[in-house]
Protein chains: 2
Amino acid sequence: MSTVNRENARRRGGDTAGRILDSAERLVQARGFNGFSYADVAAELEVTKASLHYHFPGKDELGLALLARYSERFGAALDAIEAEVPDAPARLAAYVALYADVLRGERMCLCGMLAAEYVTLSEPLRERLIGFFDVNEVWLERVLEQGRADGSLSFAGPARETARLIVSTLEGAMLVARPYGDLERFTAAASGLLATLTA
Amino acid sequence: MSTVNRENARRRGGDTAGRILDSAERLVQARGFNGFSYADVAAELEVTKASLHYHFPGKDELGLALLARYSERFGAALDAIEAEVPDAPARLAAYVALYADVLRGERMCLCGMLAAEYVTLSEPLRERLIGFFDVNEVWLERVLEQGRADGSLSFAGPARETARLIVSTLEGAMLVARPYGDLERFTAAASGLLATLTA
DNA sequence: GTCTATAGGCAGATAGAC
DNA sequence: GTCTATCTGCCTATAGAC
């Protein structure tokens, strides 16, 4: 790397690949994977499209990198909840807060957005998208079982099904709340959901 | 209209505009408004793109026609439920069945799909999309109040909020179930939701 | 690593013949 | 109403200089 480029990277405040991912992630979450282009990212970062192709040869590779980073970050957030929050109801509330934070940035969940575009995605992207939801379900399932065991949560049937209900409700609440530009719509739905579990 | 064209229309089994809407609707529900093109519809109908532009000058007009027809049809289905199904819990179940029927065709709800792409939509499209959700909420609100009044349904807080929770959950359940290609995922979530209201 | 330049294709859209 | 032909612009992607 040249001295000039190193200086540029420093001034920009981070590695270029990371900045590309930041920009692309925001664009996908706002407009969808089919609703953004390399040109959009290039304009935002004030670099050329060709430069983006150096870091991510094709849009599919970019999508895979996006999803990998998102899943990793989400997984880390789940680990953090387990480390910092002991009881099951509070863990669920912290889980909901993860979604609320995304929506606050006027973004849709990356994976909810990709789920809408599922039919148009490459096979590798599809597989990893499914993997994201699976991880969420497994994590919620454990929290739900913990809560049922210690009496802090109450629900009927397999914990896995309630876990799926939670994921569905939160994704749907984000989806519908965003057009209204109304975070309260999301939090109200989430509260209503959690209320049925702590009753 | 020429004799030949009238014959073509007859053989095709309907007016051209309607067939265009049928094709476009299916494509939007499967791939998104940004994921289909006039070329896709033209290929499916074995006509030229120019012909489509005669019926719907631009993609935006096509989208508006799509949404208008969908809303009208959905409204008619809600009217039919009210006419044929008397009690509130059964009305909710019938409402859920409307969504399940869409998903059975491996489609996402048209409006859920457009909600995901909201940021990229024209202002007229945005307004009418909001209108669709409003109509759903109002209808559900009335059913919920009816059920609470006659004791067949039980929920806390304003009926409108629970109505929003129902819409969110069903849209989210469709969104997540489709990648798994698993209708049962949707019906399980819907059953779980309805169970909390009849308890 | 980033640039200029460009390829090749598909997008939405229009003019005008039939 | 549908066609052929064409336009303009944007898309993803690549070659090669610096």
Side-chain angles (χ1 to χ4, degrees), chain A residues 1-24 27-28 31-66 117 119-122 124-125, chain B residues 1-24 27-28 30-66 114 117 119-122 124-125:
Chain A
M1 193 195 243
S2 74
T3 311
V4 168
N5 284 335
R6 206 170 3 242
E7 173 57 21
N8 280 340
R10 191 204 56 75
R11 185 167 39 75
R12 283 166 175 163
D15 63 309
T16 308
R19 294 182 68 240
I20 293 169
L21 289 175
D22 289 342
S23 171
L27 284 164
V28 174
R31 308 175 50 92
F33 192 72
N34 295 325
F36 91 103
S37 72
Y38 269 47
D40 296 326
V41 177
E44 204 169 282
L45 266 48
E46 292 180 296
V47 294
T48 60
K49 290 181 288 171
S51 181
L52 304 184
H53 281 286
Y54 168 79
H55 294 280
F56 303 98
K59 209 180 176 184
D60 200 56
E61 286 90 341
L62 176 55
L64 287 168
L66 238 29
E117 300 175 294
V119 175
T120 70
L121 302 180
S122 72
L125 265 176
Chain B
M1 192 195 244
S2 75
T3 311
V4 168
N5 284 337
R6 201 163 14 232
E7 172 58 20
N8 281 341
R10 191 205 57 73
R11 185 166 40 76
R12 283 165 175 163
D15 63 309
T16 308
R19 294 183 66 240
I20 294 169
L21 290 174
D22 289 341
S23 171
L27 285 163
V28 174
R31 308 174 50 91
F33 193 72
N34 295 325
F36 91 103
S37 72
Y38 268 48
D40 295 328
V41 177
E44 203 169 283
L45 268 47
E46 293 179 297
V47 295
T48 60
K49 288 183 292 172
S51 182
L52 303 185
H53 280 286
Y54 168 80
H55 294 280
F56 303 97
K59 209 179 176 184
D60 201 57
E61 286 90 340
L62 175 56
L64 287 168
L66 237 29
L114 293 178
E117 300 175 292
V119 174
T120 70
L121 302 180
S122 71
L125 224 33

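All values derive from a computational prediction rather than experimental measurement. Chain naming here is simple, since letters A, B, ... match the order of the sequence lines and numbering starts at 1 in each.
- In this entry the distance linking CG of L52(B) with P of dA11(C) reads 12 Å, nearest Å.
- Between the OH atom of Y54(A) and the P atom of dA15(D) there is a distance of 16 Å, rounded to whole Å.
- Within the nucleic acid shown, Y38(A) comes within 4.0 Å of sugar-phosphate atoms alone, with no base atom in reach, counting heavy atoms only.
- Side chain of Y38(A) to backbone of G58(A): a donor-acceptor contact under 3.5 angstrom is found.
- In this structure, H53(B) does not reach the dA15(C) phosphate: none of its side-chain N or O atoms is under 4.0 Å from OP1 or OP2.
- As rounded to whole Å, 11 Å separates atom C1' of dG12(C) from atom CD of E61(B).
- In this entry the distance linking CG of D40(B) with C1' of dG9(C) reads 14 Å, nearest Å.
- Between dA5(C), dA11(C), dA13(D), one nucleotide has an atom nearer to the side chain of A50(A) than all others, and that is dA5(C).
- Of all heavy-atom pairs between F56(B) and I20(B), the closest is CE1-CG2, 3.7 Å.
- Atom CG of L62(B) is separated from atom C1' of dA13(C) by 14 Å (rounded to the nearest Å).
- Relative to the side chain of S37(A), the nucleotides dC3(D), dT14(C), dT12(D) differ in distance, and dT12(D) lies closest.
- Taking the nucleotide of DNA chain C with the nearest heavy atom to each of S51(A) and G58(B), the more 5' of the two is matched to S51(A).
- With E117(B) contributing its side chain and N34(B) its backbone, the two residues share a donor-acceptor pair below 3.5 Å.
- Residue F56(B) is classed as having no contact, given no heavy-atom separation below 4.0 Å to the nucleic acid.
- Side-chain atoms of E44(A) never come within 3.5 Å of backbone atoms of V41(A) as a donor-acceptor pair (strictly under, hydrogens ignored).
- Taking the side chain of K49(A) as heavy atoms from C-beta on, and the options dA13(C), dT12(D), dC3(C), the nearest nucleotide is dT12(D).
- Residue K59(A) contributes atom NZ, which lies 15 Å from atom P of dC10(C) at whole-angstrom precision.
- Looking only at side-chain heavy atoms (C-beta outward), L62(B) and L21(B) come within less than 4.5 Å of each other.
- Across the protein-nucleic acid pair, F33(B) atom CZ and dA11(C) atom P stand 14 Å apart, rounded to whole Å.
- Residue T48(B) is in base contact, counting any heavy-atom pair closer than 4.0 Å across all strands shown.
- In this structure, CG of D60(B) is placed 16 Å from C1' of dA11(C), rounded to the nearest angstrom.
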